[in-house]
Amino acid sequence: MSSKVRVRFAPSPTGPLHIGGVRTALYNYLFAKQQGGDFILRIEDTDSQRFVSGAEAYIVEALTWLGINFDEGTHVGGEYGPYRQSDRKEIYKKYVDILLASGSAYIAFDTPDELEAKRNEIENFQYDASTRGQMKNSLTLTEQELKSLLDTGINYVVRFKIEPNENIEVNDLIRGKVIINSSELDDKVLYKSADSLPTYHLANIVDDHLMKITHVIRGEEWLPSAPLHVLLYRAFGWTDTMPKFSHLSLLLKPDGKGKLSKRDGDRLGFPVFPLQWTDPKTQEVSSGYRESGYLPQAVNNFLALLGWNPGNDQEIMSMDNLIELFSIERCSKSGAKFDYEKGKWFNHQYIQTQSDALLAQLFTPYLNASGVEAEAAYVEQVIGLVKERVHLIPDFWDQSSFFFKAPEMYDEKTVKKRWKEDTSAQLGELCGVLQAITDFSSANQETIVKQWIEDKGYHLGNIMNAFRLAIVGESKGPHMFDITATIGKVQTISRLQTAISTIQYQA
RNA sequence: GCUCGUUUCGGCUAGUGGAAAGCCUCUACUUUCUCAAAGUAAUAACGCCUGGUUCGAUUCCAGCAACGAGUACCA
């Protein structure tokens, strides 16, 4: 009789959601949906110092774009709310008092300065069983002193009282049993009277319990504090319903050492955030996957495979496939270097599966930005011709601008290589040949033009390459007659004439 | 420093007590009027460590090393 699976994604609104955070959210979502469970968004804004306005809205928008949807959360409500920790102050205070009453926690008055001094004085100072006797707290002060200090309204914190020399076991679904001795842990601050807010650890445990979370799937950076969390569950008497833990490996830099950071994206030229973000303070703009021309399906698929695999060779998986196949046990223990090239490959794969109409819709803003207005049907036709060579949506412009605009200049290298002494004359003849064609379909043009080339004894490559140069401006693009059939006879001949009168033969 | 975690081709990774597989990237070839794309092929790895268990270890164990994370009145 296991209870319904409930998992949460619990980011802090301290800035845009990092791509590693997106992956954590995705894995939680996949697990929840596979188990028929609930997925909850909880905003952990207990650090008033680092709060960034707009960050919460960003998180919701980013995950919505990716199709990672929540059953409960700040934006959708739910019966376990409120889902923003700053709205739950009274709740935490109550639980702090419970720990204080049971003797599992104590009040400490040491100021940040005093602690700093202590750290300088004693190497590897840790506020724990071995040192708490020398500090200013409710364990060392008399009841009188304590009372009078509290009466002054002075700031204090509540610390968790950790008993030393006990091996704490954490059973991690990915890593197995992890054991750490409680003497390694310090008496963590659980609550600050200065802002009446709990710290992460207390709020996290209380909320996970109250929200009936069954599985905690989070980043590896939390592994060292997992034993502390186990101890907190025990202190509250919640061991029976303690969630199962899974600590995900981190996303690493594509090159060099260390975890993936915003700087790597700037340095190597790829987005580290799902959506573009403008820093409210500095106005600095960070690029996003959406604005860079990624399809959400590709981002999900790419991220899903960075630290997890289905156990076979399957790589292209829809969200439904992922939900079906995902398993925590198959998450890898080691960190994954971020491979941006592979991400582009995934996007290329997904672009091939999208309809020309949808791609046209995504491409249109870029077209407009380049000063082009075109009929949707025409854009779709062009997209059908070039989509197989496109990796990101903006690539459509590089691959198809000549369908919308006549070349304004001709690539010099190509001119040198492809424009021969007699090219002008030959293309002049070609204009006549094309002019006479009534059925301007690609196939018909090809038949007639190739016949003409053969009859004249011209060199196919010479004619075609010069033809392409005149129409495209450089040496690239799809099948030549597909281009001319698309832009039409008038435009084709006009471009040929422009090229003939513009390009000079260079000996 | 201390604690915990991790270690298979350049990258993501599969897998195994006895022939180490797939994908991305790179390279070559093919198709073609070009560029791409696609197809084919090829290259390439078990921590150049030290011990142990074993007939046999990439696989199990110990040590070492490297890398990562944590070590805040941040999450």
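None of these values were measured; they are calculated from a predicted model. We name chains A, B, ... by the order of the sequence lines, and we start the count at 1 in each one.
Position along RNA chain B of the nearest nucleotide to L460(A) versus R23(A) favours R23(A) as the more 5'-ward residue. Place P11(A) and M480(A) on RNA chain B by their nearest nucleotides, and M480(A) ends up nearer the 5' end.
D208(A) places no side-chain N or O within donor-acceptor distance of the main-chain N or O of I213(A), the cut-off being under 3.5 Å.
When rounded to the nearest whole Å, the span between NZ of K259(A) and C1' of G5(B) equals 14 Å. Atom-to-atom, CD of E329(A) to C1' of A14(B) comes out at 17 Å; the value is rounded to the nearest Å. At whole-Å resolution of the value, CD1 in I483(A) and P in U32(B) are 18 Å apart. In this structure, CG of D339(A) is placed 6 Å from C1' of C24(B), rounded to the nearest angstrom. The CG-C1' distance, from L251(A) to U13(B), rounds to 14 Å in whole Å. Regarding K333(A), its NZ atom lies at a distance of 14 Å from the C1' atom of U13(B), rounded to whole Å. With rounding to whole Å, I174(A) atom CD1 is found 17 Å from A69(B) atom P. Atom CD1 of I162(A) and atom P of U71(B) are 13 Å apart (whole Å).
Annotation: W452(A) is in aromatic contact with Y458(A) [ring centroid separation under 6.0 Å].
Contact of K342(A) with C23(B) (side chain to base): a donor-acceptor pair of N or O atoms is detected under 3.5 Å. Taking 3.5 Å as the limit, the base of A36(B) and the side chain of R389(A) contain a donor-acceptor pair of atoms between them.
A cation-pi arrangement, defined by a distance under 6.0 Å to the six-membered ring centre and an angle within 45 degrees of its axis, is absent between R330(A) and F326(A). A cation-pi arrangement, defined by a distance under 6.0 Å to the six-membered ring centre and an angle within 45 degrees of its axis, is absent between R132(A) and Y127(A).
Taking 4.0 angstrom as the limit, N309(A) places a side-chain polar atom (N or O) nearer than this to OP1 or OP2 of A14(B). In this structure, R50(A) does not reach the A75(B) phosphate: none of its side-chain N or O atoms is under 4.0 Å from OP1 or OP2. At U13(B), one or more side-chain N or O atoms of S332(A) fall inside 4.0 Å of OP1 or OP2 (strictly under the cut-off). Distances shown here put every side-chain N or O of K344(A) at or beyond 4.0 Å from the OP1 or OP2 atom of G11(B). OP1 or OP2 of C73(B) has at least one side-chain nitrogen or oxygen of R119(A) nearer than 4.0 Å.
Atom C1' of A28(B) sits at a distance of 26 Å from the matching atom of U13(B), rounded to the whole Å. C26(B) and A38(B) are spaced 11 Å apart, taking the P atom of each and rounding to whole Å. Across the P atoms, U59(B) and U50(B) are found 13 Å apart, a figure rounded to whole Å. Only the P atoms considered, G63(B) is 35 Å distant from A75(B), to the nearest whole Å. For G47(B) and U43(B), the C1' atoms lie 22 Å apart once the distance is rounded to whole Å.
Residue N465(A) is classed as a sugar-phosphate contact, given heavy-atom separations below 4.0 Å to backbone atoms only. The residue E388(A) sits close to a base: some heavy atom pair falls under 4.0 Å. Heavy atoms of R468(A) sit under 4.0 angstrom from at least one base atom. When heavy atoms are screened at a 4.0 angstrom cut-off, N204(A) is found touching no nucleic acid atom at all. Within 4.0 Å of T46(A), counting heavy atoms only, lie sugar-phosphate atoms of the nucleic acid but no base atom. At a threshold of 4.0 angstrom between heavy atoms, the contacts of V178(A) are confined to the sugar-phosphate backbone, with no base atom among them.
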